[in-house]
Amino acid sequence: MSTEPETTEDAEPGTPGANTADGAPEPTGEDVSPADARSGGGSGDEAGSGDEAGGAGEGTGAGGTGSAEGAAEVSEAAAELAAQRVERERIERRKAEKRAPIEAGGKLSGTAADLLAAVRAVESGEKPVATAFREPDPAPRRAAPEPARRPQPVVAPAVPAPGAAPEAVAAVRAVLAGAGAPDALAAQAVTVLGEGAEDLLRQDPWQLLRVPGVRPEQADGFARALLGAECGPDDERRGTALTVWLLEQAAVAGHTALDAPALAAALAQRSVPDPDTAVQSALAEGEALVFQDALDTPAPAAAAPDDDAEQAQERPVRILIGLERYALAEESLADGLARLMNSVPKEDGSAADWEREAASAPRSAGELIRAVAAHGLVLHTGGEASRSEAAALLDAARALGLRGWAAAHTSVGRDGFAARLTGHEPADDAGDRHTGGGTAGAVTVAGLLSGAEGPGRDADGALDLDVLVVLDAPQLDVETAAMLAESLPDGARLVLSGDPGVLWSAGPGRVFADLLAARACPQVASRTPDPGPIGELVSGIGIGELNQVEAPGKEVVIVPVRDAGEAVHRTVQLVADSVPRAIGVPAEQTQVITPAHGGAAGTRALNTALKERLNPGPGRFGGFDPGDRIVHSPAPGRSLPGRVVRADAEGLHLDCSGTPVVVPKERVEQTVRHGWALTAHQAVGLRWPAAVVVLPGDAAAALTRPWVYTAFGRAERHLSVVHGVDQALPRAVAEVPQKARTTRLQALLKAQTPAAG
């Protein structure tokens with residue numbers, strides 16, 4: 001690889017404070033501007049002005065108005081005398097008040113009195129600081145432009161979920177507003193808690209934690225406002241709600257359960273006085289389940305000769321706590337996979353027919369065909385090039401009269417694999433090889449399960465197919481995998497194919513890794529290497545080695561940078577100028593990948609700089625303009641790259657790999673981001689002709705071997721690495737594995753099936 005590339009020879013190195021990121025869009029501005037609009041700056045000044053005006057109006061208007069009404073029928077002289085009398089009386093009262101003791105704040109009125117009441121509420125513990133001060137909405141004003149994210153309204157209107165009763169939403173909104181919580185959460189609360197959300201929140205305010213985005217400290221403040229002196233950290237309701245919330249957060253991090261000691265420690269960190277009691281309460285309420293999974297290492301036999309021999313051989317167990325949703329999914333998945341492994345594959349010709357197909361297949365595809373011929377579940381590991389082996393398998397299945405389908409996670413992966421199937425079309429003179437009218441095709445996982453794509457379902461509700469190959473299998477979360485396993489008929493063959501070195505699924509579980517570790521079924525490792533210098537580099541990373549590779553065609557280029565500002569400057573330069581000119585890959589086919597969304601060189605800062613260079617515009621629709629590259633996330637963990645086509649009353653119109661998508665206006669903020677720069681988690685499963693991987697200095701702690709492996713492997717023809725992490729990169733590749741996840745699938749499989757060896 002090269003450290004001073006031709007691709008940047010005409011570019012001036014970026015200098016700190018004088019580049020696209022540091023000079024124009026100030027990264028800290030994205031955090032300061034919305035906060036100022038909500039709770040500081042001009043709003044406070046305007047409230048103060050209103051205070052003075054209101055106080056003056058009340059002080060002078062009360063007496064003046066009363067005098068005018070009482071003297072409507074008398075002469076002007078009499079009216080003047082009456083006014084003077086009233087004024088003298090007011091002056092005398094004020095003098096007397098000055099001589100008497102004054103109760104602090106006792107003579108305030110209007111906004112000033114409200115603010116004083118709020119102060120006293122906080123001091124007495126009746127309300128948390130964050131919610132007690134509720135200033136009037138500021139006067140409408142133009143929102144300041146934000147460089148790193150699209151403008152957000154100060155108060156976003158809540159959109160009730162389909163079917164949510166407006167009366168229920170209104171009732172919850174009143175409860176939230178009365179306790180100082182954002183009433184915009186009302187619709188979500190009704191969606192999560194049901195029509196009786198109002199009563200439930202009054203009885204147990206910590207149920208607010210079930211609403212996505214609400215944190216424990218916010219739920220505590222809500223509970224204090226509703227319960228007053230009855231609220232305390234030892235409240236049983238609080239312990240139960242926090243237990244469920246911690247398990248939900250663990251699922252977001254990929255765990256399907258938590259070790260009991262880890263859960264107790266997390267509860268203690270949240271000021272739960274008795275974590276064990278809180279866990280027991282959650283179990284008693286049915287909010288969580290407890291499991292005892294046997295560990296692999298047997299307990300040592302006791303030395304005493306009279307000990308019970310069977311007891312001496314007992315295996316130690318670990319106590320796990322999990323949510324029912326993921327526990328049932330994992331158990332259902334284990335049952336479904338065991339059923340496939342134990343059922344006899346469908347009669348589809350003799351062993352000689354399968355062997356003939358295997359013998360005619362290229363390279364290690366023959367080994368895969370032989371394994372699938374005799375087994376209901378097979379694991380297939382390999383990189384991008386190994387997809388040709390999966391395609392050869394489906395061609396063989398079709399030749400034997402079977403209905404074979406491949407399922408990818410994205411439409412891009414589906415279309416790419418479909419092209420491989422076309423390339424493996426059996427010859428016209430195959431003759432008797434087409435004995436059963438078999439079919440083969442490619443679908444997306446979501447389309448297959450919903451019935452929108454693929455073979456549909458038979459009379460029993462099972463997928464109407466004989467062989468299913470799931471591509472990018474490491475991206476399967478436990479719930480999706482369970483639905484697939486449950487949907488397959490007895491006698492079907494399931495092949496999970498993917499690269500075990502990439503990042504795991506966005507959802508909970510590590511299905512592919514657990515299956516590989518359980519060794520409960522045949523595993524076929526591809527011997528088809530990914531080609532070229534990029535393939536050589538990524539293969540080395542997979543075994544923990546960051547090697548120098550020969551790249552005569554500038555396939556791999558290292559661009560050293562000193563700081564995040566220079567990293568942004570060089571990235572824009574590479575995408576807009578150097579890679580198109582020197583490599584021949586246009587900007588729209590070059591993908592930027594960086595470790596995080598935030599930070600001076602995260603996706604927000606990079607997307608701002610890239611939009612300014614490649615598609616400048618005012619961002620009239622939620623920060624977007626026609627032609628913007630975007631990534632659409634219709635569901636957690638799913639990322640679809642695309643472009644903005646237009647915006648109208650229906651919403652934001654997108655083109656996601658040829659599929660038209662309309663995102664309603666109220667969903668744009670939550671589901672659409674600019675997409676010139678992505679994280680590796682968003683990019684997994686996708687590839688581009690060129691990739692620019694940005695490694696700013698502040699990203700060193702986030703790097704792991706799977707992250708580097710995934711990011712570098714997204715490039716097909718050219719890879720530029722904007723390198724600012726020094727030795728952290730080789731250290732991550734050599735020493736930092738993927739963060740562990742706590743799951744039960746491996747133990748469940750070992751309990752049901754013998755090891756395949």
Steps toward side chain to side chain contact (heavy atoms under 4.5 Å, CB included) verdict (H674, T608): CA-CA 8 Å; H674 282 112; T608 297; over 6 Å; no
Stepwise side chain to side chain contact (heavy atoms under 4.5 Å, CB included) check, L503 with W707: CA-CA 6 Å; L503 292 165; W707 192 96; 4.2 Å; yes
Worked check of side chain to side chain contact (heavy atoms under 4.5 Å, CB included) between D477 and V511: CA-CA 7 Å; D477 62 85; V511 173; over 6 Å; no
Side chain to side chain contact (heavy atoms under 4.5 Å, CB included) between R643 and R629, worked out: CA-CA 5 Å; R643 287 188 174 277; R629 278 178 67 172; 3.5 Å; yes
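Counting only distance, with no hydrogens or angles, the side chain of T590 and the backbone of P586 share a donor-acceptor pair below 3.5 Å. At distances below 3.5 Å, at least one donor-acceptor pair connects side-chain atoms of H718 with backbone N or O atoms of K554. Side chain of N615 to main chain of P626: a donor-acceptor pair is present (N/O by atom type, distance under 3.5 Å, no hydrogens or angles). With hydrogens and angles ignored, the 3.5 Å screen pairs no side-chain donor or acceptor of R414 with any backbone N or O of V443. Judged purely by atom type and a 3.5 angstrom limit, Q218 has no side-chain atom pairing as donor or acceptor with the backbone of V214. Using modelled atom types, one side-chain atom of N607 and one backbone atom of A677 make a donor-acceptor pair closer than 3.5 Å. Checking side-chain atoms of D625 against main-chain N and O of G619 turns up a donor-acceptor pair under 3.5 Å. Using modelled atom types, one side-chain atom of T594 and one backbone atom of A601 make a donor-acceptor pair closer than 3.5 Å. D530 places a side-chain N or O within donor-acceptor distance of the main-chain N or O of E384, the cut-off being under 3.5 Å. Looking only at distances, a side-chain donor or acceptor of S386 sits under 3.5 Å from a matching main-chain atom of G383.
F624 is listed as a side-chain neighbour of L652, based on a closest heavy-atom distance under 4.5 Å. Residues L678 and S639 form no side-chain contact, since every pair of their non-hydrogen atoms from C-beta on lies 4.5 Å or further apart. Residues H409 and L476 meet the side-chain proximity criterion, which asks for heavy atoms closer than 4.5 Å. Here the side chains of R420 and S388 are in contact, with some heavy-atom distance below 4.5 Å. Counting only heavy atoms from C-beta outward, the side chains of T603 and H597 approach each other to under 4.5 Å. Within the 4.5 Å cutoff, no side-chain heavy atoms of N547 are placed close to those of E536. Inter-residue side-chain proximity for P533 and L719 is flagged as unmet; no heavy-atom pair is nearer than 4.5 Å. D577 is listed as a side-chain neighbour of R613, based on a closest heavy-atom distance under 4.5 Å.
Summarising the geometry of P616 relative to E612, their closest heavy-atom pair is CB-O, 3.6 Å, with the distance given to 0.1 Å. Scanning both residues, D628 and G623, for their nearest heavy atoms gives OD2-O, 4.1 Å. A pairwise comparison of heavy atoms in D499 and P474 identifies O-CG, 3.2 Å as the closest pair. Here the closest heavy-atom approach between residue A587 and residue V575 is recorded as CB-O, 3.5 Å. Listed here is the closest heavy atom pair of D648 and F621: O-CE1, 4.0 Å. The two residues A408 and G413 come nearest to each other via the heavy atoms CB-C, 3.6 Å.
Screening V592, V557, T571 for a side chain to side chain contact (heavy atoms under 4.5 Å, CB included) involving V722 leaves a single residue, T571. Considering V661, V412, T410 in turn, V661 is the only one that fulfils the side chain to side chain contact (heavy atoms under 4.5 Å, CB included) rule with C656.
Remark: L546 CG to L537 CG distance equals 6.5 Å, nearest 0.5 Å. Of the inter-residue distances, the one linking L574 atom CG with R581 atom CZ reads 10.0 Å to the nearest 0.5 angstrom. Remark: L209 CG to Q249 CD distance equals 9.0 Å, nearest 0.5 Å. Rounding to the nearest 0.5 Å gives a distance of 5.5 Å between CH2 of W688 and CD1 of I593. Interatomic distance, E588 CD to Q591 CD, rounded to the nearest 0.5 Å: 12.0 Å. Atoms NE2 and CG, on H723 and L695 in that order, are 6.5 Å from each other to the nearest 0.5 Å.
Listed by first and then second residue, the salt bridge (Lys or Arg N to Asp or Glu O under 4.0 Å) pairs that reach into residues 700-717 come to none, sequence neighbours excluded.
Classification of D472 and R387 as a salt-bridged pair holds, one side-chain N sitting under 4.0 Å from a carboxylate O.
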